[in-house]
Amino acid sequence: MHKRNRLFVSIALVYGLLGGLIAISRLIDPGLIPGNVPRAHGHIMLLGFILMMVYGIALHVLPRFGGFPLYSERMADWQLYLANAGLPVMVAGWLAWRDPLVIVGGVLSYGAIVLFGLNMILTVVGRKK
Amino acid sequence: MAAPQPTAAEERLGAEAAMARMGMTFSRDNRWFIVAAQVYLMLAGLGLPINGSLLSDSASRPAFLHLFTLGFLLMMIYGLGGHMLPRFTGNPIREGAWPWLQMGLVHAGAASFVAGYFAGWHGLTVMGAILAWLSLATFAARVWPVLWGTPADAG
Ligand code: HEM
């Protein structure tokens with residue numbers, strides 16, 4: 001399994017644990033972590049845990065199931081960087097009540113989503129570079 | 001004379017036996033994670049006939065939401081991740097009591113978390129949250145050596 005894909009799965013696990021912890025802290029003491037904690041938790045879990053897990057596993061299996069090599073390793077590397085730059089910025093925006101940060105983080109995370117989507121489409125239809 | 005063709009049933013049995021030999025089929029723990037995930041999905045979906053929405057605006061919103069996320073999504077990841085990742089990396093996953101501990105914690109956690117919201121017992125919700133988190137920590141501890149370890153230390 002490619003190191004980048006193992007990183008995606010590992011980072012997913014770390015986000016899952018982190019997202020769970022901030023939810024627990026909110027349940028125990030709502031004032032402990034400032035900001036919009038449920039929103040931050042929801043996105044850490046969905047974009048950080050579930051989506052990064054899907055990224056890591058899909059980048060490994062879809063080329064194999066599709067019968068063609070991954071269209072672009074570089075796109076997948078940039079997907080890793082953008083996804084992991086975007087989510088922390090977005091979460092910082094919610095915790096600090098700073099909408100511009102949320103927007104910047106959202107744009108970066110969306111960049112990763114588009115790279116993944118295009119890379120997967122071009123892979124499974126067998127498009128050569 | 002041509003050799004007799006296998007029936008569809010014989011072919012299916014042959015394919016199942018071949019998959020079992022290749023180690024393609026689920027271990028018992030992963031099979032139960034997948035079964036449980038479907039049960040939680042059906043429970044989460046009850047929000048549709050009851051509230052007319054998967055996510056109600058009432059106090060039970062986090063309960064239905066987490067039946068879907070903790071119950072369905074997380075357990076699908078447990079079952080599929082625990083099955084596929086060792087096959088992708090070639091490293092074994094910790095078996096024995098570990099998956100059953102993970103399973104006990106996630107069921108106790110999800111049930112207490114959800115029941116706590118329905119009953120309005122905050123302490124039960126907190127307890128469920130902690131148990132569910134411990135289950136995720138157990139899964140992470142099982143999967144980490146699969147991703148980064150060598151076969152010798154993943155045992
Ligand atoms: C350790 C496990 C988990 C705990 C303790 C936990 C706890 C919580 C809590 C306390 C809330 C806020 C409820 C409220 O007052 O509105 C919440 C919301 C939420 N959770 Fe979780 N959760 C867990 C796992 C997950 C998972 C695995 C997912 C997704 C895959 C998830 C997705 C969400 C979402 C989307 C929200 C709604 C956020 C919003 O309303 O903006 N949670 N969770």
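It should be emphasised that the depicted structure is a prediction, and the values quoted were computed from it without experimental measurement. Proteins get letters first, then strands, A, B, ... in listed order; numbering begins at 1 in each.
B:Ile130 touches chain A through backbone and side chain together, each having a heavy atom under 4.5 Å away. Residue A:Val14 touches chain B through its side chain alone, counting heavy-atom pairs closer than 4.5 Å.
A chain of hydrophobic side-chain contacts below 4.5 Å, direct or via other Ile, Leu, Val, Met, Phe, Trp or Tyr residues, connects B:Leu101 to B:Leu134. Residues A:Val114 and A:Met120 are members of one and the same hydrophobic cluster, defined by side-chain heavy-atom contacts under 4.5 angstrom among Ile, Leu, Val, Met, Phe, Trp and Tyr. Side-chain heavy atoms closer than 4.5 Å link hydrophobic residues (I, L, V, M, F, W, Y) into clusters, and following such links, even through other members, never connects B:Phe113 to B:Met42. Residues A:Val107 and A:Val102 are members of separate hydrophobic clusters, defined by side-chain heavy-atom contacts under 4.5 angstrom among Ile, Leu, Val, Met, Phe, Trp and Tyr. The hydrophobic cluster containing B:Leu131 does not contain B:Leu65, counting ILVMFWY residues as joined when their side-chain heavy atoms lie under 4.5 angstrom apart, directly or transitively.
Comparing B:Thr69, B:Leu74, B:Leu85 by heavy-atom pairs within less than 4.5 Å of chain A, the highest count is held by B:Leu85.
In summary, the side chains of B:Trp144 and A:Ser10 do not present any donor paired with an acceptor at a separation below 3.5 Å, with no hydrogens or angles considered.
Between the side chain of B:His122 and the backbone N or O of A:Leu27, at least one donor-acceptor pair lies under 3.5 Å.
Annotation: the span from B:Leu136 atom CG to A:Phe49 atom CZ amounts to 5.0 Å, rounded to 0.5 Å. Remark: A:Met45 CE to B:Leu70 CG distance equals 7.0 Å, nearest 0.5 Å.
Taking all atoms of both residues into account, the shortest heavy-atom contact from A:Arg6 to B:Leu147 is NH1-O, 2.9 Å. Nearest heavy-atom pair, A:Leu17 versus B:Trp133, reported as atom, atom and distance to 0.1 Å: O-NE1, 2.8 Å.
Ring orientation note: the planes of B:Phe88 and A:His60 are tilted relative to one another, at an angle of 30° to 60°.
More than 12 heavy atoms of other residues, nucleotides or ligands shown are found within 6.0 angstrom of CZ on B:Phe118. Counting heavy atoms of neighbouring residues, nucleotides and ligands inside a 6.0 Å radius, atom CH2 of B:Trp100 exceeds 12 of them.
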